[in-house]
Amino acid sequence: MADPELYPADIHHEHASLAVTERPLARAALMALAFGFLAIFLLLPLVVVFEQAFSRGIGAFFEAINEHDTLAAIRLTLLVAVISVPLNLVFGVAAAWAIAKFEFKGKAFLITLIDLPFSVSPVISGLVYVLLFGTASLLGPWLKLHGIVILFAVPGIVLATVFVTFPFVARELIPLMQEQGTGDEEAALSLGANGWQTFWHVTLPNIKWGLLYGVLLCNARAMGEFGAVSVVSGHIRGLTNTMPLHVEILYNEYNAVGAFAVASVLAGLALVTLVLKTLLELRYGAEIAATRGH
Amino acid sequence: MTTAPAKAGWRFRQPSVIPGFGLTLGFSLAYLTLIILIPLSGLVWRSASLGWSDFFAIATDRRTVKALEISFGTAFIAAAINVVFGTIVAWVLVRYRFPGRRVIDAMVDLPFALPTAVAGIALTTLYSPKGWMGALLAPLGIKVAYTPLGIVIALVFIGLPFVVRTVQPIIEEIDKEVEEAAATLGANRFQTIFLVLFPGLAPAVVTGFALAFARGVGEYGSVIFIAGNLPYVSEIAPLLIVIRLEEYDYAAATAIATIMLALSFLMLLVINLIQSRTRKRYG
Amino acid sequence: MEVRVSNVRKEFDRFPALRDVSLDIRSGELIALLGPSGSGKTTLLRLIAGLERPTRGTIFFGDEDASNRTIQERNVGFVFQHYALFRHMTVADNIGFGLKVRPSAKRPTKAEIRRRASELLDLVQLSGLEKRYPAQLSGGQRQRVALARAMAIEPKVLLLDEPFGALDAQVRRELRRWLREIHDATGHTTIFVTHDQEEALELADRVVVMSQGRIEQIGTADEVYDTPNSPFVYGFIGESSSLPVKVEDGQVWISDRPIGLTAPELPDGEATLYFRPHDIELLDECNGCIAGTVAASRRVAGTRRVELEIGGGRERIEIELPVGHPAAQKSRVAFRPKRWKVFPKPVEG
């Protein structure tokens, strides 16, 4: 059979009866609308990022990247991601195990709570930590007395990032593990495996692609988060500026090339994320989203 | 692994041979409480300790009201635009075969993956009077950057994948026999789509709208660059929170945040109600 | 290994899936748990395996109370309905899994595990498929791998949940005979769940018929077929016909006529008569018989089924006659069941 991607129109005509498709004119109009909309709203912004970043040539681009504060921002962003993604990974696996493998009261409510950060404005996600750890808070004086710095420092940035990326892994794993049921685990246990062995040899291989998928999305958000981090960071150049915050500062200083150079790195990261995500979906779609083929 | 002992008649969980319930649930709850619940309840507690008159004063402050109006208004318009175009995009992606379909399909998730600040400066550059789109629209007398229209543009960008990704799987599931049945009964294509297919898509469309709307209300990064942030005109509520924080006016920041949270939850509740009703009717 | 189930009750969310079930299984026996869906047969199997805990009651392995034994300690070989093969492991890794996860003191060497796996593959007649993945096997082959995996841990008891349920008829029959051979060769105490009576009757030493969380009857294939001890077993196993009757002074009556059957042990009152449609004798003259008008007659394979209206058409029953028997042509037939049973009507409420 021909590759459906190569001769799509013919295949489509063979399979779709006249009753279930639009007339060619209507079809062309719909496609024009969809492509036009996507081009203006998705493609153009992406193109602009790279166009601006390289507008003064490739030398100016690397100069902008190779600047002390920019490199510090890149390091901080990586550090924040390296701490917050594994935290939410462990949480995601634990929560999905409890929710998917057991029946207990209040499960639906728990799932709602896990999704909560998605419906909270990023600014509010940052604000809650300012209220919790700020000088005017209950904890503020105690923290100050013991010399513990959370706000306007790395711990605050990590906490805010953990907050906004909290649901990503859990959300990916819960439906997947629910779909997979407990049959494989029961089989492993009946063969004498203990809990860890069962998780390690049986459950983890079953969920690894879904897990990777969740981690990918979690990481993209962790590296790109702006609102929540902005509130708790204090914007100290070279110290508490993550890459997105650094983009803002450069942009507000009318350093367009610098801003877009850093932005293009982030955009490149987003593109890599999209490519990996698509590859995962194509290759392991069934093992990410559910419905196992037995 | 020990878990809560079963009291007679009422069981917290059904027994199972699978180990690790206590460990995983305990860890999950502790983590959830520390990271999410305590900080959020801190917000509510601070807001409650404001006192009613203070809270009322902040809530009815003209700048606050205006900022909330702008946030909710623009988010609503953007979500509505996304419902129309997002559904068309989803339809085209599911029903039509064309070269590069997979690439375009993947691109739809760009707003999920692209940091909001990057989107913000890109859209601003694009729609500023000298930008590619701005220069095109300027002769028509349309100003986008630094106006509420700019906010809508940013929120359309942010919200698009929510609609597409909720509607797309439902279109994929449509049983072609239903359409064929409608055709054999004499419905033309237009009638089939509007009378037979759309009602089935309605719950998904409403969900997509709700998600895009909720995200739009709270959006910050992509908006502040393009909005111009003129108080009473193009200043969104999340930005006002930040401004109050920078003024060390924690009371005002807390109050606005609480109002935003309450309004968002209320909206989601209403939309959930509508949704469950549509679902009941159309199955 | 003997298995003794003693007064076991199991509730799910207060709904009783098993009510007070007791069962003794002898060492080396091949036992079928037979019943319709919802009868509790799978629950009983999972309780024996230790996959569920009884709400009340005890399960003994030999003389030892297994209740407090975890599933790992029970050492049962469980073959899951959909096999639950680990799809990311090869056939050999699947079979060796139970040995690989043993604590290091009791764990065989890698080479030994490999050897055991291929030995078991020989036993289940799948030699040479070590390197395959479950997805590359047919349904019947997966089922054999699942059995080999369960036997690799040298189980005390072999438990199979609907072992042939997911296979087509041809493969089913083949595997059935093969399972019997393996059982005879290895001598494992084996319990399997099925809803297919043919499978249970053909394969098992003893059949446990279950319904609504209770054991209705335990017996050999002959016993449960020839002398069913409850209306349910009569209806569930084989064909049966039933008629509402009345018992008076040990005599069985239909309408106002005695039919020549006596049931002295039964109390007077309403009851139901059960018999097998083929297990009857035709009578020429009726002094004490069941008589009915032929309503329909159809040929089924080697016999003819005749549908009779009894008592003015209120009740319809079926009897079976040899093809070409002259009675099938008549408009009225009189007969008496050769083997039958009368069950009193259950007391209402």
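Naming convention: chains lettered A, B, ... in sequence-line order (proteins, then strands); numbering from 1 in each chain.
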Under 4.5 Å from a heavy atom of chain B, the part of L271(A) involved = side chain
note = Heaviest contributor of heavy-atom pairs below 4.5 Å to chain A, chosen from L239(B), I35(B), L261(B), is I35(B)
message = If I measure from the heavy atoms of chain B, does F163(A) come under 4.5 Å with its side chain, its backbone, both, or neither?
response = both
key: More than 12 heavy atoms from other groups under 6.0 Å of CG on L25(A)   = no
ask   = Of all of S28(B), A106(B), S222(B), A90(B), which one pairs up most often with chain A through heavy atoms under 4.5 Å apart?
value = S28(B)
request  = Would you mind checking which part of T278(A) comes under 4.5 Å of any heavy atom in chain B, side chain (CB onward), backbone (N, CA, C, O), both or neither?
outcome  = side chain
query = Is R102(B) close to L282(A) at the side-chain level, that is, under 4.5 Å between some pair of heavy atoms?
reply = yes
ask   = Which atoms of K277(A) come close to chain B, meaning under 4.5 Å heavy atom to heavy atom: side chain ones, backbone ones, both, or neither?
value = side chain
request  = Check whether L44(A) gets within reach of chain B through its side chain, its backbone, both or neither, counting any heavy atom under 4.5 Å.
outcome  = both
ask   = Which of the residues Y129(A), F166(A), F199(A) is involved in the greatest number of heavy-atom pairs with chain B at under 4.5 angstrom?
value = F166(A)
inquiry  = Counting heavy-atom pairs closer than 4.5 Å to chain B, which one of V47(A), L110(A), L87(A) comes out on top?
reply    = L87(A)
Residue list, ring-ring contact (aromatic ring centres under 6.0 Å, His included) with F37(A), at least two apart or on another chain = F41(A), F85(B)
query = chain B: which of A34(A), A98(A), A94(A) shares the most heavy-atom pairs with it under 4.5 Å?
reply = A94(A)
key: Heavy-atom closest contact (A78(B) atom, V152(B) atom, distance)   = CB-O, 3.8 Å
task = Report the option among V242(B), V156(B), D105(B) that has the most heavy-atom pairs separated by less than 4.5 Å from atoms of chain A.
result = V156(B)
note = In terms of heavy-atom pairs under 4.5 Å with chain B, the winner among V247(A), L127(A), L245(A) is L127(A)
Part of S230(A) lying under 4.5 Å from any heavy atom of chain B = side chain
key: Top contributor to chain A interface from A117(B), P238(B), G221(B), A253(B) [non-hydrogen pairs under 4.5 Å]   = P238(B)
task = Please state whether the side chain, the backbone, both or neither of E51(A) comes within less than 4.5 Å of a heavy atom of chain B.
result = side chain
ask   = Out of I36(B), I153(B), V17(B), which one racks up the most heavy-atom pairs below 4.5 Å with chain A?
value = I36(B)
ask   = Which bit of I224(B) is near chain A, if near means a heavy-atom gap under 4.5 Å: side chain, backbone, both or neither?
value = side chain
request  = State which residue, out of T77(A), T242(A), V229(A), fulfils the side chain to side chain contact (heavy atoms under 4.5 Å, CB included) condition with T161(A).
outcome  = V229(A)
remark   = Turns out that what part of F265(B) lies under 4.5 Å from chain A's heavy atoms comes down to side chain
request  = Tell me, for Y248(B) versus chain A, whether the close heavy atoms (under 4.5 Å) come from the side chain, the backbone, both or neither.
outcome  = neither
Heavy-atom pair of closest approach, residues D109(B) and P161(B) = OD1-CB, 4.1 Å
request  = Please state whether the side chain, the backbone, both or neither of L37(B) comes within less than 4.5 Å of a heavy atom of chain A.
outcome  = side chain
note = Assert top hit (heavy-atom pairs under 4.5 Å, partner chain A, pool Y127(B), W45(B), F225(B), F112(B)) equals F225(B)
key: Region of M107(B) that comes under 4.5 Å of a non-hydrogen atom in chain A   = both
request  = Classify the side-chain pair T203(A)/E185(A) by whether it contains a donor and acceptor separated by less than 3.5 Å.
outcome  = yes
inquiry  = If I measure from the heavy atoms of chain B, does P117(A) come under 4.5 Å with its side chain, its backbone, both, or neither?
reply    = side chain
Side chains of V232(A) and L159(A) in contact at under 4.5 Å (non-hydrogen atoms) = no
ask   = Tell me, side chain or backbone of L160(B) under 4.5 Å from chain A's heavy atoms, or both, or neither?
value = side chain
key: Part of A257(B) lying under 4.5 Å from any heavy atom of chain A   = both
Region of V93(A) in contact with chain B, defined by heavy-atom distances below 4.5 Å = neither
key: 4.5 Å side-chain heavy-atom contact, S84(A) and R221(A)   = no
ask   = If you look at every heavy atom in A237(B) and I256(B), which pair is closest and at what distance?
value = O-CG2, 4.3 Å
query = Distance-only, no hydrogens or angles: does the S71(B) side chain make a donor-acceptor pair with backbone N or O of L68(B) under 3.5 Å?
reply = no
request  = Answer yes if the ring centres of F162(B) and F118(A) are under 6.0 angstrom apart, and no otherwise.
outcome  = no
Under 4.5 Å from any heavy atom of chain A - which part of T116(B) = both
request  = Please name the pair of heavy atoms, one in L240(B) and one in A67(B), separated by the smallest distance, quoted to 0.1 Å.
outcome  = CD2-CB, 3.9 Å
message = Is L43(B) close to chain A through its backbone or its side chain, or both, or neither, when contacts mean heavy atoms under 4.5 Å?
response = both
query = Of the backbone (N, CA, C, O) and the side chain (C-beta and beyond), which part of L42(A) lies under 4.5 Å from a heavy atom of chain B, both, or neither?
reply = both
key: I99(A) portion near chain B, given a 4.5 angstrom heavy-atom threshold   = neither
query = Looking at G227(A), S190(A), P45(A), which makes the most heavy-atom pairs under 4.5 Å with chain B?
reply = P45(A)
inquiry  = Looking at every heavy atom in both W97(A) and P19(B), which two are closest together, and how far apart are they?
reply    = NE1-O, 3.0 Å
message = side chain to side chain contact (heavy atoms under 4.5 Å, CB included), that's the test. Do M243(A) and V265(A) meet it? Break it down for me.
response = CA-CA 9 Å; M243(A) 286 169 80; V265(A) 175; 3.6 Å; yes
key: Structural part of L131(A) lying under 4.5 Å from a heavy atom of chain B   = both
key: Expected output: side-chain S137(A) to main-chain L132(A) donor-acceptor under 3.5 Å   = yes
query = Which one, A95(A), A220(A), G92(A), G195(A), leads in non-hydrogen pairs under 4.5 Å with chain B?
reply = A95(A)
key: Part of F157(B) within contact of chain A (heavy atom distance under 4.5 Å)   = both
query = Heavy-atom distance under 4.5 Å to chain B: side chain of L216(A), backbone, both or neither?
reply = neither
inquiry  = Checking side-chain polar atoms at under 3.5 Å, does S47(B) have a donor or acceptor matched by the opposite partner on T258(B)?
reply    = yes
message = If I measure from the heavy atoms of chain B, does L30(A) come under 4.5 Å with its side chain, its backbone, both, or neither?
response = both
task = Mark yes or no: R13(B) above the aromatic ring of F21(B), with NZ or CZ under 6.0 Å from the six-membered ring centre and no more than 45 degrees from the axis.
result = yes
key: Atom of A267(A), atom of L46(A) and distance for their closest heavy-atom approach   = CB-CD1, 4.3 Å
ask   = Within the distance-only criterion (no hydrogens, no angle test), does the side chain of R97(B) pair as donor or acceptor with the backbone N or O of V94(B) below 3.5 angstrom?
value = yes
